[in-house]
Amino acid sequence: MAMNSPYSHYFITHDGAILHYLDRGEGHPLVLLPTYNISCQIFKSQLDELSQKYRIIALDMRGHGLSTKINYGYTVYRFAKDLHELLNLLHLNKLYLLGHNFGGSVACAYLELFGFSHIDKLILIDRSAMPMANPYWKAVDIQQFGASTDATALEQLCNQICSNPNNYFMQVLFDTMVSRDAADKLKQFILNCSDTLPKRAAARLLFDAYYQDWRTLFPRIPIPSLIIGGQASLISPTSQVWVSKQIPNAKLIIFEEDEGGKHFPFVENPKKFNRVVDKFIQS
């Protein structure tokens, strides 16, 4: 969908950021939040198919995609406030909320700030409880909480993001994000949707995101929730099992690797992914 698409819209936040979003279809709203450094175009298959049954709203978060590249506000909780302002603008009081990885953190921050009354159902994709490892944790804790780095490694990565002119983050992690047999066209599509943040903003946001801890939030989520993970994802499936057990009304779906079960199941296997989401919403 190009910038001049009839589904493409912009709004201005209270602190002056101009944010882009896609709004397509009719029916009960389903709001989609992409992950870190990825534009909302990544949800093309969901916009194409699920908009036949639902009103699909996909947000280019601050600095991402077609949203303006401002130099402030790159924290998870500011992004949650941006989401809140969009929902108020569109007068959405009851909706389904889906967040992919970092987008799941924004969804969690929204729930912390604004409660659960506006959300009918929650879908989290590859969202671990705590990505930053505590050096005193046991191996089982690291697996369950989904910790994937430590403070030293994160600082090094953030510094490299700032100093490298290319899409360093995706270059480092891309092989862990897509299945071995993924088509080149699919890989290029994901790359085309990535590297959308200014470098210093990307580093600041990544640093903030890795220090978020959702372990005390999950048991307090009262709404029906769906946890989606990948058997071969960089976010361990063990962590997704643990998250699903913490949320009282949660269901769990794990995609096998040959089903697109890495980090982008909704891109690699959109047919199954869309069926899973639709079935959960209708249940």
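Keep in mind that this is a model prediction, so the values were computed, not measured.
Within the structure, the salt bridge (charged side-chain N to carboxylate O under 4.0 Å, His left out) test picks out no pair touching residues 141-160 (sequence neighbours left out). Residue pairs meeting the ring pair (Phe, Tyr, Trp, His ring centres under 6.0 Å) criterion with at least one partner in residues 215-237, sequence neighbours excluded, do not occur; the list is empty. Within the structure, no pair that satisfies the side-chain hydrogen bond (donor to acceptor under 3.5 Å, both in side chains) test touches residues 63-75, not counting sequence neighbours. Within the structure, no pair that satisfies the salt bridge (charged side-chain N to carboxylate O under 4.0 Å, His left out) test touches residues 234-253, not counting sequence neighbours. For residues 115-140, the set of pairs meeting the salt bridge (charged side-chain N to carboxylate O under 4.0 Å, His left out) definition, not counting sequence neighbours, is empty.
The main-chain N or O of Ser39 is never found under 3.5 Å from a side-chain atom of Asp60 such that the two would form a donor-acceptor pair. Here the side chain of Thr238 pairs no donor or acceptor atom with the backbone of Gln144 at under 3.5 angstrom. Under a 3.5 Å cut-off, the side chain of Asn37 and the backbone N or O of Ser194 do not form any donor-acceptor pair. A donor-acceptor pair is defined here as one N or O able to donate and one able to accept, closer than 3.5 Å; no such pair exists between the side chain of Thr149 and the backbone of Ala153. Remark: the backbone N or O of Ala202 is paired with a side-chain donor or acceptor of Tyr36 at under 3.5 angstrom. Side chain of Asn274 to backbone of Pro270: a donor-acceptor contact under 3.5 angstrom is found. Formation of a donor-acceptor pair under 3.5 Å by the Glu268 side chain with backbone atoms of Lys262 is not found in this model. Judged by distance alone, the side chain of Asn192 and the main-chain N or O of Gln188 form a donor-acceptor pair under 3.5 Å.
Atom CG of Asp23 and atom OG of Ser51 lie 10.5 Å apart (nearest 0.5 Å).
Glu49 has no carboxylate O lying under 4.0 Å from a charged side-chain N of Lys272, or vice versa, which leaves the two without a salt bridge.
Remark: Arg220 pairs with Glu112 by the salt bridge (Lys or Arg N to Asp or Glu O under 4.0 Å) rule, at least two apart or across chains. Ala109 is linked by a side chain to side chain contact (heavy atoms under 4.5 Å, CB included) to Val76, Tyr77, Ala80, Trp214, counting only residues two or more places apart in sequence or in another chain. Remark: Arg275 engages no residue in a salt bridge (Lys or Arg N to Asp or Glu O under 4.0 Å) (not counting sequence neighbours). His100 pairs by the ring pair (Phe, Tyr, Trp, His ring centres under 6.0 Å) definition with His263, Phe264, Phe266, not counting sequence neighbours. For Asp208, the side-chain hydrogen bond (donor to acceptor under 3.5 Å, both in side chains) partners two or more places apart in sequence, or in a different chain, are Gln212. Under the rule for a salt bridge (Lys or Arg N to Asp or Glu O under 4.0 Å), the partners of Arg62 that lie at least two apart in sequence or sit in another chain are Asp15, Asp82. For the salt bridge (Lys or Arg N to Asp or Glu O under 4.0 Å) test, residues two or more places apart in sequence or in another chain that qualify with Glu257 are Arg180.
Across Gln46 and Ile42, no two heavy atoms sit closer than the pair OE1-O, 4.3 Å. Contact detail for Cys108 and Leu124: the closest heavy-atom pair is SG-CD1, 4.4 Å.
In summary, of the residues considered (Ile56, Leu32, Leu47, Leu59), a side chain to side chain contact (heavy atoms under 4.5 Å, CB included) with Leu22 occurs for Leu47 alone. In summary, of the residues considered (Ile235, Leu98, Leu33, Asn101), a side chain to side chain contact (heavy atoms under 4.5 Å, CB included) with Ile125 occurs for Leu98 alone. Between Ile119 and the options Ile223, Asn93, Leu92, a side chain to side chain contact (heavy atoms under 4.5 Å, CB included) holds for only Ile223.
Looking only at side-chain heavy atoms (C-beta outward), Leu206 and Phe102 stay at 4.5 Å or farther from each other. Side-chain contact check for Trp242 versus Ser128: every heavy-atom pair is 4.5 Å or farther apart.
Checked against the 6.0 Å centroid criterion, the rings of Phe280 and Tyr96 do not qualify as a close aromatic pair. Aromatic rings from Tyr21 and His9 are positioned such that their centres are separated by under 6.0 Å.
Using bins of under 30°, 30° to 60° and over 60° for the plane-to-plane angle, the ring pair Phe145/Trp137 lands in the perpendicular bin.
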